[in-house]
Amino acid sequence: MSISTPERILVTSALPYINGVKHLGNLAGSMLPADVYSRAMRLLGHDVLYICATDEHGTPAELAAAEAGLSVSEYCDAMHAAQAEAGAAFKLSYDYFGRSSSESTQKLTQDFALALEENGFIEERTSKQVYSVADERYLPDRYVEGTCPNCAFESARGDQCDSCGKLLDPIDLIDPYSAVSGSRDVEIRDTNHLYLKQSDMSGRLREWVETHRADWPVLTTSIAMKWLDEGLRDRSITRDLEWGIPVVNGDGNIRDGFDGKVFYVWFDAPIAYIGATQDWAEKTGGDWEQFWRTDKGADETRYVQFMGKDNVAFHTLSFPTSIMGSEQPWKLVDELKAFNWVTWYGGKFSTSQKRGVFMDQAIDIAPSDYWRWHLMANAPEGSDAAFTWEEFQASVNSDLANVLGNFVNRITSYCVKKFDGVVPAGGEVTDAERWIETELTERLPRLISYYETREFRKAMAETRAIWAAGNEYLTQAAPWTHYKTDVDQAAMGVRVGLNLVALFGIIAQPIIPDAAEKILGAMNIPMDRRSWSFGNVADVLDALPHGHSVSAPPVLFSKIEEDDVATWRERFGGGA
RNA sequence: GGUGGGGUAGCUCAGCUGGUUAGAGCGCAGGACUCAUAAUCCUGAGGUCGAGAGUUCAAGUCUCUCUCCCACUACCA
């Protein structure tokens, strides 16, 4: 049941945008599953590198910084620190949490652009863009508002009218104004930008996506093929902004006419996966090339990306265009896991309407394990998944407190009470032991395979079923009954029960690392006995040395009360 | 509008290339047990699988039409 060949695995999760701490939906759709997967693969003995970073460029960062009265770089420093802290609080086990504003990413981005241009995949073109005189900046479509030419709604956005839903061009808006300042002093100006000629790459992209039809989820391939079928359009990869990566010539000087322009955040963000890996290498002395350069060992690396469905097009088309178009031996993604959204009682998370929970608030309310378990057990894999306080309460109370927590408590405290906290010897194998052995022989390999195929809901359900089987075993073995007449037979039940506690802690590690640590600590399991190399199940059930001392951990999960739910619902606007 | 995903027990969801009485967890009802965080274990009730039509010996599963929800739609990221 242990793995046959250890592999080198690179894991990345979609980069969280720099503006503020992320909400539960962001967490559940990329960072958390990437973390759970990384932890599971490490336990299976693979050599895993999990890289993430903040995505720091773009208009929203500039505007938020201005509003906060900070320079953009100060703002990003503060927000990066806040996100790093939130990630740590959720026990996200990044090997490196970098920044897209790092020097390495800057250099790589410029190098990619130069290589792409040399290979004919970049072209400079002129386009029309709205300029706000009062704000002294060009406005992205979404930041221009005005009256909808279709339905006369007065605050339609330049890209789409919120009232009638029609797609718009900011040039069509009647009476346009800046969404930043409200100023009506806006004009259309010509501006030059670099375009990535994705259209020239569509053949190679289609071929590549086709090779992954079998192993990528439907959600992934269907989105990619849709864009390809519609015909890939060339995409502008620069913006009129101050904050970002400057566009340079091969000599390092600013490209002619590109003062005040920087690369578009979506061009440099995925490159930050590479940049952050270089930064990791710089810091740890690791070898970044074996993860990214196919001529330096990356062919033997498996690269797995995690993201929300909104990011799929960028990861299956745009970024691969950069990689392929560079004609350099960069590593392409092998496996891609995309998630739908976590919704808030079926609706959207909304900061302004106080609907939804952000990572820092969540940690104030409940331990990270609670969130990790609930979000993974209800991961939005097949479709959007609704978060409700009631479901959260049910997950925590039933799965964690009652099934797992109570199991650990009932058997360890009984052992302490009746067997001096020592793993007892003695007893005969009965039907109960044969039953649990059969259960685990079926379930453990299945659990591992769910992790390998990144089917998280199923992995969680299997984990829970294994925990529940422990309770069923105790009911069958009933050591408390045997104790009255046959202490040796009671010892069998207690011993197997204790070994189950250890096993449950071991399989819980990727999901609920804090509780797993408490369990394994109470059971005195040394670090080198916590990995996922199970051998045969009979041995697993008698792994603890007889005479080994254990203790009963304090209550692992306290229950969520009705009052808590009522309070949270009021505070966060659920159930409306 | 276009494209994609989804509509399966009260709730949240599984059901692969069509094949015996449609599954899980929660919730609910009854029973058992008493080591344990009134926990656990067993049993049970509960579904015209969004609607309609078609293909087939056989459809939740394939085809078509309709309907509702969600996302994306390329300068928000």
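Every chain is numbered from 1 and lettered A, B, ... according to where its sequence line falls, protein lines coming before strand lines. Bear in mind that the values here come from a model prediction, so they are computed numbers and not experimental data.
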Margin query: Let's see if you can work this out: which of B:A77, B:U37, B:C42 has an atom nearest to the side-chain heavy atoms of A:T59?
Written below: B:A77

Next item on the list: With RNA chain B as reference, determine whether A:R410 or A:A469 sits nearer its 5' end, using the nearest nucleotide of each.
Entry: A:R410

Check: Across the strands shown, which category fits A:Q129 at heavy-atom distances under 4.0 angstrom: base, sugar-phosphate, nothing?
Finding: base

Note to self: Quick check on B:U40: is either OP1 or OP2 less than 4.0 Å from any side-chain nitrogen or oxygen of A:N402?
What the structure shows: yes

Note to self: The criterion is ring pair (Phe, Tyr, Trp, His ring centres under 6.0 Å); which residues satisfy it with A:W480, sequence neighbours excluded?
What the structure shows: none

Notebook entry, point to check: If you look at every strand shown and take non-hydrogen atoms under 4.0 Å, does A:A468 touch a base, only sugar-phosphate, or nothing?
Noted result: sugar-phosphate

Could you write out each protein N or O paired with an N or O of nucleotides 24-26 of chain B at a distance under 3.5 Å?
{"from": "B:G25", "atom 1": "O3'", "to": "A:R464", "atom 2": "NH2", "distance (Å)": "3.0"}
{"from": "B:C26", "atom 1": "OP1", "to": "A:R464", "atom 2": "NH2", "distance (Å)": "3.3"}

Item checked: Closest nucleotide among B:C13, B:U40, B:A36 to the A:N471 side chain -> B:U40

Notebook entry, point to check: Base, sugar-phosphate, or nothing: which does A:Y138 touch, judged by heavy atoms less than 4.0 Å apart?
Noted result: nothing

Next item on the list: Write down the distance separating the C1' atoms in B:U55 and B:G18, rounded off to the nearest Å.
Entry: 12 Å

Check: How does RNA chain B read in dot-bracket, base by base from 5' to 3', with Watson-Crick or G-U pairs under 3.5 Å and | used when the partner is on another strand?
Finding: (((((((..((((.....[...)))).(((((.......))))).....(((((..]....))))))))))))....

Notebook entry, point to check: Reckon A:G308 touches a base, only the sugar-phosphate, or nothing at all at heavy-atom distances under 4.0 Å?
Noted result: nothing

Margin query: Under 4.0 Å, counting only non-hydrogen atoms across every strand here, what does A:N397 touch: a base, just sugar-phosphate, or nothing?
Written below: nothing

Notebook entry, point to check: Base, sugar-phosphate, or nothing for A:K418, non-hydrogen atoms under 4.0 angstrom?
Noted result: nothing

Notebook entry, point to check: Contact class for A:F314 vs. all strands (heavy atom < 4.0 Å): base, sugar-phosphate, or nothing?
Noted result: base

Notebook entry, point to check: A:R157 side chain N/O closer than 4.0 Å to the phosphate oxygens (OP1, OP2) of B:C76?
Noted result: no

Check: A:G58 near the nucleic acid: base, sugar-phosphate alone, or nothing, with a heavy-atom cut-off under 4.0 Å?
Finding: sugar-phosphate

Notebook entry, point to check: Reckon A:Y483 touches a base, only the sugar-phosphate, or nothing at all at heavy-atom distances under 4.0 Å?
Noted result: nothing

Notebook entry, point to check: Using a cut-off of 4.0 Å on non-hydrogen atoms, how would the nucleic acid contact of A:S318 be classed: base, sugar-phosphate, or nothing?
Noted result: nothing

